[in-house]
**Q** 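Below you'll find the structure I mean.
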There are 2 protein chains.
Amino acid sequence: MGRRSDHSREEIRQLALGAAEAIVAEGGFKALTARKVAAAIGYTVGTLYLVFENLDDLVFQLNGRTLDQLYQRMLDEKHHSYSGKKALYALATAYIDYAEAESPRWNMLLEYVAGKDEVMPDWYLEKLGQVFGLVEETLASTVGNQDDKTISQAARVLWASVHGICILKIRQRLDLAGGQSTGEMACMLIDNFVEGMSR
Amino acid sequence: MGRRSDHSREEIRQLALGAAEAIVAEGGFKALTARKVAAAIGYTVGTLYLVFENLDDLVFQLNGRTLDQLYQRMLDEKHHSYSGKKALYALATAYIDYAEAESPRWNMLLEYVAGKDEVMPDWYLEKLGQVFGLVEETLASTVGNQDDKTISQAARVLWASVHGICILKIRQRLDLAGGQSTGEMACMLIDNFVEGMSR
DNA sequence: AGCTGTAATTGAACATCGTTCAATAAAACC
DNA sequence: GGTTTTATTGAACGATGTTCAATTACAGCT
């Protein structure tokens, strides 16, 4: 066929990302192939490559949308106006719940390792910064009288840790004895970490 | 050709794992292909499939060797007979150093997500348990008078956290401002966590 | 209407991937 | 030396990401 113009380039982009989300949600990371995405939106492979540089590009953009969702969930939770440690619990719970509910999508945030010298797009770093920012301000209002730099660093440490717990749980690298839930582990972390900082 | 018997099955297995390690160290995770491994050890693809169930199996066994190395490094460090928080720092440092020095290999420990109902082999879980056990006993001797279950859970939380820091650093998902090293972040974590527990 | 130029879309082609298995060649046995 | 056994091969299959000449449909002009 030739020009159809049923959809603008931007529309195709959105359609493709939507279809890709569904495919990943359904069959996990490995199920995502260019041909499947194309078929799902009624186009062929070639068209995809007019809109995305390559599959990695598509995945990156999909990850962007995942980060947006994640941020939104955490923001909603924060607006329930908890304070102190409770607010941190709430953030962690929102994060963990999302990761468990949408585990294939969430997994993909890490699965794509950046190639040797491949850089991460600025817009992606910005989205990441948003999430960390949220933790930062919550932590700041929880442990008083610490300088900004310490808070900023502690927020990163704390969130990387929550993240680590999430990973090992979801990838089942941790279910040797113990039998705590991810949420309980995160609480234990936050409890002790915050306690340690407030001295 | 027919029977050559230059190498026993077990020898081929070891040769293949060695070659695979080299390939991953050189070109990262994506560079590992069956044909490359086969060529590197002077056999053809078919032979590989007599020794390994499939590529996932090979990767799992390779991961087993990685876990062994990791455990050994941490054990060596522990035998420098530090005590208290210093011992935990030492363990974390050994872990982080290994992850940074052998990042492609270390990455592979996570990259292979277990298929839907695919279970992890027992021997693999055992190797994982070894590493956690090391942290457990070190933590136990650092924070006194806590019951075993708490220690065991705390060890998992703490190590998942160190792991999380490692991941975000190595995959460059964390270099927004701050500029702490992985080691510094781990120290901050251990400091506050242990401090929080000892109250 | 008809012609023409432009641009959107296609899908066959290429190299490579994991995986399988009939065919083959070398050792072992009698 | 002939026969059996078995380790090893490599062609074959289906599926992958990616490319690009060929094709088709629309827009504008006469």
Side-chain angles (χ1 to χ4, degrees), chain A residues 1-17 19-24 26-63 104 108 111-116 118, chain B residues 1-17 19-24 26-63 104 108 111-116 118:
Chain A
M1 329 262 166
R3 179 193 306 178
R4 288 196 332 200
S5 286
D6 288 351
H7 303 100
S8 73
R9 213 130 269 208
E10 175 60 19
E11 281 171 331
I12 293 181
R13 200 179 75 91
Q14 296 295 342
L15 280 174
L17 287 175
E21 280 174 11
I23 291 169
V24 170
E26 173 69 28
F29 170 57
K30 290 179 181 173
L32 185 69
T33 73
R35 280 175 244 265
K36 253 191 256 182
V37 173
I41 63 174
Y43 283 86
T44 50
V45 257
T47 305
L48 271 190
Y49 283 82
L50 296 173
V51 176
F52 301 97
E53 207 176 316
N54 48 39
L55 255 209
D56 281 16
D57 181 27
L58 189 154
V59 170
F60 246 111
Q61 298 196 28
L62 209 164
N63 280 346
M108 214 159 39
E111 234 137 36
Y112 260 69
V113 184
K116 212 73 174 183
E118 211 173 319
Chain B
M1 327 267 165
R3 178 193 304 179
R4 287 198 331 202
S5 285
D6 288 352
H7 302 100
S8 75
R9 212 130 270 208
E10 174 60 19
E11 282 172 330
I12 292 182
R13 200 180 75 90
Q14 295 296 340
L15 281 174
L17 287 175
E21 281 175 10
I23 292 170
V24 170
E26 172 70 29
F29 169 57
K30 291 179 180 170
L32 185 69
T33 74
R35 282 175 242 266
K36 252 191 256 181
V37 173
I41 63 175
Y43 283 86
T44 51
V45 255
T47 304
L48 271 190
Y49 283 83
L50 297 172
V51 176
F52 301 98
E53 208 177 316
N54 49 38
L55 253 211
D56 281 15
D57 180 27
L58 188 154
V59 170
F60 247 112
Q61 298 197 29
L62 208 163
N63 281 346
M108 215 159 39
E111 234 137 36
Y112 260 69
V113 183
K116 211 75 175 182
E118 210 175 321

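What you see below is based on every heavy atom in this structure, not just the backbone, and it leaves out hydrogens, waters and symmetry mates. Because the structure is a prediction, the values reported are computed rather than measured. Lettering follows sequence order; numbering is per chain, from 1.
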**Q** Which heavy atom in B/Leu55 sits nearest to a heavy atom in B/Ala34, and how many Å separate them?
**A**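 In terms of heavy atoms, the two residues are closest at CD1-N, 4.2 Å.
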**Q** Taking all non-hydrogen atoms of both residues into account, name the closest pair between A/Ala40 and A/Ala19 and its distance.
**A**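 It is CB-CB, 3.9 Å.
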**Q** I need the CG-P distance between B/Asp6 and C/dA25, as an integer number of Å.
**A**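 Going from B/Asp6 (CG) to C/dA25 (P), I get 17 Å.
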**Q** For the pair B/Glu11 (side chain) and B/Ser8 (backbone), establish whether a donor and an acceptor sit closer than 3.5 Å, ignoring hydrogens and angles.
**A**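 Checked: pair present.
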**Q** From NZ of B/Lys30 over to C1' of D/dG17, roughly how many Å is that when rounded to an integer?
**A**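 Distance check: B/Lys30 NZ to D/dG17 C1' gives 11 Å.
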**Q** Whole-Å distance between D/dT18 C1' and A/Leu50 CG?
**A**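 Roughly 12 Å, once rounded to whole Å.
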**Q** Quick one: pull up CD1 in B/Ile12 and CD in B/Glu10 and give me the separation to the nearest 0.5 Å.
**A**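 CD of B/Glu10 is found 10.0 Å from CD1 of B/Ile12.
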**Q** Looking only at heavy atoms, what is the nearest atom pair of B/Phe52 and B/Asp57, with distance?
**A**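 Between these two residues, the closest heavy atoms are CA-OD2, 3.5 Å.
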**Q** Can you run through DNA chain D from 5' to 3' and write each base as (, ), [, ], | or . depending on how it pairs? Watson-Crick or G-U wobble, both distances under 3.5 Å.
**A** ||||||||||||||||||||||||||||||
**Q** Please tell me if A/Tyr43 has a side-chain N or O lying less than 4.0 Å from either OP1 or OP2 of C/dT9.
**A**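 Affirmative; the distance criterion is met.
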**Q** Can you tell me how far CG of A/Leu62 sits from CE of A/Met108, rounded to the nearest 0.5 angstrom?
**A**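 Spacing of CE (A/Met108) from CG (A/Leu62) equals 4.5 Å.
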**Q** Got a sec, which residues hit salt bridge (Lys or Arg N to Asp or Glu O under 4.0 Å) with B/Glu53, two or more places apart in sequence or on another chain?
**A**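 B/Glu53: no salt bridge (Lys or Arg N to Asp or Glu O under 4.0 Å) contacts found.
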**Q** For nucleotides 15-21 of chain C, list the nitrogen or oxygen atoms of the protein found under 3.5 Å from its nitrogen or oxygen atoms, one pair per line.
**A**
unit_1	atom_1	unit_2	atom_2	d
C/dG18	OP1	B/Ala34	N	3.4
C/dG18	OP2	B/Ala34	N	3.1
C/dG18	N7	B/Arg35	NH2	2.5
C/dG18	O6	B/Arg35	NH2	2.8
C/dT19	OP2	B/Tyr49	OH	2.6
C/dT19	OP2	B/Leu55	N	2.9
C/dT19	O5'	B/Tyr49	OH	3.4

**Q** Of all the heavy-atom pairs spanning B/Ala38 and B/Val45, show the shortest one and how long it is.
**A**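 For B/Ala38 versus B/Val45, the nearest heavy atoms are CB-N, 3.7 Å.
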